[in-house]
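For the numbers below, each heavy atom of this structure counts, side chains included, while hydrogens, waters and symmetry mates do not. If you read the sequence from its start, that first residue is 1, and numbering goes on from there.
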Amino acid sequence: MLNDAPQAGDPIKDVTTASFRQDVIAESMQQPVLVDFWAPWCGPCKQLAPVLEKVVQAAAGAVKLVKMNIDEHPSIAGQLGIQSIPAVIAFDKGQPVDGFMGAVPEAQIKDFIGRLAGPAGPSPIEEALSEADAMLGVGDTAGAAQLYAAVLTEEPENITAIAALAKLQLDLGAIDKAREVLALAPAEKANDPALVGVRAALDLAEKAAELGDLGEFQRRIEADPADHQARFDLALGLNGLNKRDEAVDQLIEIERRDRAWNEGAARKQLLTFFEAWGLMDKASIRGRRRLSTLVFA
């Protein structure tokens, strides 16, 4: 239960802003620590909590779990740029290293903890997915695409492979193919966090494609630095070119000049970027840090 007091030796406990450094940063030097950001009014938080706690208990001390009520302790979540709960962030060696959002299935939580704590041994499907990821890391997109396709031949509803292959196609500029791959996902898994992120990235890519030449927006900004719409459109276009840091910088500049512009459109777009790129993407982390600097300045 969300409010059950931890027993002696229990790897699950509540954490406050004051105890965060000891219970999370210091403890993560010994083993990974998961931080579950929740609130009493959050229905999905109540769905996730017992499943998350069950998997952590079964991990037999390989990881610890701390629970932070963002209503009572909002600052840490704000600094991390967390706008939607439940959100679970894993800390290891004092740093955030991975995370997920939403009330995800038990199997996905087990995979998540397995990556942190070290699984007993990967299955052939897991090995293929890992090899495909490694191929992407060295630029072998063709080889990675073949492996993802092979996984889908064996497991047509493998969400990890669907999301990865769709993202690969999107990165290659094949927007239509990316949309076709996403359509392979079963309807009941449409809200899986991996698919949500790729779908958000796809929507952003389609918007960027509609913008055309970005030079016009740059010229408008040079003529009038307060032309926030031009700066906003330029950010969308830069993201479409995978210039994520530059896109963040344009939106941060709007926030710096006028946070209320277009009902906070710049901040909302930043959060959309973070969702599309992934919680632990380098540009997302940098963007959240820059945003928190403005918010808490």
* Asked: How would you list, by chain and number, every residue that makes a ring-ring contact (aromatic ring centres under 6.0 Å, His included) with F273, sequence neighbours excluded?
  -> W277
* To do: Could you check if a side-chain atom of L80 sits within less than 4.5 angstrom of a side-chain atom of I285, using non-hydrogen atoms only?
  => no
* State, yes or no, whether a side-chain contact exists between D249 and R290 at a heavy-atom distance under 4.5 Å. => yes
* To do: Please answer whether the main-chain N or O of G81 pairs with a side-chain N or O of R289 as donor and acceptor at a distance below 3.5 Å.
  => no
* **Reported CD-to-CG distance for the pair E131 and D133, which is rounded to 0.5 angstrom** => 10.5 Å
* Asked: For the atom pair CD1 (I70) and CD1 (I85), what is the distance rounded to the nearest 0.5 Å?
  -> 3.5 Å
* **Sub-4.5 Å side-chain heavy-atom contact between F112 and V55** => no
* Asked: If you count the non-hydrogen atoms of other residues, nucleotides and ligands that lie under 6.0 Å from CZ in R21, is the total more than 12?
  -> no
* **Of N191, D192, I109, the residue whose pairing with V104 passes side-chain contact (heavy atoms from CB on, under 4.5 Å)** => I109
* Would you call K167 and D171 a salt bridge, using N to O less than 4.0 angstrom? -> yes
* Asked: For the side chain of S292 and the backbone of R288, is there at least one donor-acceptor N/O pair under 3.5 Å apart?
  -> yes
* For S284 and G278, indicate whether the former's side chain and the latter's backbone hold a donor-acceptor pair under 3.5 Å. => yes
* Could you check R231, K243, Q269 and say which one makes a side-chain contact (heavy atoms from CB on, under 4.5 Å) with Q250? => R231
* Asked: Does L34 reach the side chain of I89, with side-chain heavy atoms less than 4.5 Å apart?
  -> no
* Asked: Can you name the residues that form a side chain to side chain contact (heavy atoms under 4.5 Å, CB included) with D245, not counting sequence neighbours?
  -> A283, R286
* Structure fact -> Here the gap from F20 atom CZ to H73 atom NE2, rounded to the nearest 0.5 Å, amounts to 12.0 Å
* Asked: Which class fits the ring pair F232 and W261: parallel under 30°, tilted 30 to 60°, perpendicular over 60°?
  -> tilted
* **S28 (side chain) donor-acceptor with V24 (main chain) under 3.5 angstrom** => yes
* Counting N and O atoms only, with roles assigned by atom type, does the side chain of R220 sit under 3.5 Å from a partner on the main chain of G215, one being a donor and the other an acceptor? -> no
* Asked: Do E53 and K67 sit within salt-bridge range, that is, some charged N less than 4.0 Å from a carboxylate O?
  -> yes
* Asked: Would you say the side-chain atoms of N262 pair up with the backbone N or O of A265, donor to acceptor, closer than 3.5 Å?
  -> no
* Asked: Would you call R219 and E222 a salt bridge, using N to O less than 4.0 angstrom?
  -> no
* Asked: With a 4.5 Å heavy-atom cut-off, do R244 and V248 have their side chains touching?
  -> no
* Polar side-chain atom of Q31 near backbone of E27 as donor-acceptor pair, under 3.5 Å -> yes
* **More than 12 heavy atoms from other groups under 6.0 Å of CD on E263** => no
